[in-house]
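Worksheet for the structure shown next.
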Amino acid sequence: MSWNLASRLEADDFQLKRGLAEMLRGGVIMDVTDAGQARIAEAAGAVAVMALERIPADIRRDGGVARMSDPALIQSIQQAVSIPVMAKCRIGHFAEAQILQALAVDFIDESEVLTPADEEHHIHKWDFSIPFVCGATDLGEALRRIGEGAALIRTKGEAGSGNIVEAVRHLRRIHTQMRELTQLDPGQLMSRAKTLGAPYELVCYVAEQGELPVPNFSAGGVATPADAALVRQLGAEAVFVGSGIFRSEDPAERAAAIVRAATHFDDPAVLAEVSHGLKGAMPGLELGELPDAQRLAKRGW
Ligand SMILES: O=C(CO)[C@H](O)[C@H](O)COP(=O)(O)O
């Protein structure tokens, strides 16, 4: 295989992975912890589910080490639904990723929601035939993950918080940084690659195209239909939702409402209709006083 990044991104196998990510555009990917929840998600119109043992709010509450889910759980969810099934491995835990690949999940999420296994290295994702999704809080982090082979980026937000503020921060930051790149002279791009800590070829790509070479979704803290509409209007091409659905008082209704909101994100009349009469949203966390050690978005680099 060529080590040239541009030719790797253009290769058929990467194009296929990216195409799978593009098929999820406009939709909602829901965290589910059992087959019953997966069926609720599918019936509500989710484009994919993320199989995991605990939703992020419960991982946050329980503390301790959070690892890849039991394969039996993942397989029971694969059998329950016909939509794509994603599953998470720990950052840098390539052996968990190998297991998920053997289970033929549709996407592997190298996720900060689980406890990192390696604080220095993320997985070399080019080694895998299954596409990876990775989180990012800024453009440099997004381009580093793509440089390692990620076919889909999601802004991290602050998973399990029920608070949209970090998702908004990360989306705005990435879009601002991409716009800035398009204004630079070619002679300024190497210097910018250095400050971003990002591969030069990918910095040049964004400067020319004004966008990432893979889709960018949003995750972390979506709790209401309006939250989903907000991140879509800020440029997220699809939305991951976990705790906001299954920690609310009305998971099935809320799931369907969030799907409609993600689709009709720029139609306030539809947003008013789907927001009407829902029961209680998940309780949210005020993040201002949350110490860094409890911030999942700080995991990875
Ligand atoms: O973990 C995820 C991505 O890796 C989740 O899909 C997402 O971040 C869920 O966050 P929340 O529970 O706040 O909706």
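Every number for a ligand or one of its atoms is a count from 1 in the order of the listing. Everything numeric here is computed off the predicted structure, so don't read it as measured data.
Under the 4.5 Å side-chain heavy-atom criterion for ILVMFWY residues, no single connected hydrophobic cluster contains both Ile59 and Ile55.
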Can you check side chain to side chain contact (heavy atoms under 4.5 Å, CB included) on Leu171 and Asn216, steps first, answer last?
-> CA-CA 9 Å; Leu171 274 170; Asn216 185 24; 4.2 Å; yes

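Between Glu166 and Arg295 there is a salt bridge, since a side-chain N of the basic residue sits under 4.0 Å from a carboxylate O of the acidic one. A salt bridge links Glu112 and Arg154; the closest N-O separation between the charged side-chain nitrogens and carboxylate oxygens is under 4.0 Å.
In this structure, Arg145 is positioned above the aromatic face of Trp301, its NZ or CZ under 6.0 Å from the six-membered ring centre and within 45° of the axis.
Taking Ile, Leu, Val, Met, Phe, Trp and Tyr as hydrophobic and joining them when side-chain heavy atoms fall under 4.5 Å apart, one finds Met68 in a cluster with Ile74, Phe94, Ile99, Leu100, Leu103, Val105, Ile108, Ile123, Phe128, Ile130, Phe132.
Contact shell of ligand 1 (protein heavy atoms, cutoff 4.0 Å): Asp31, Pro56, Lys88, Asp109, Ser111, Val113, Arg154, Ala159, Gly160, Ala219, Gly220, Gly221, Phe240, Val241, Gly242, Ser243.
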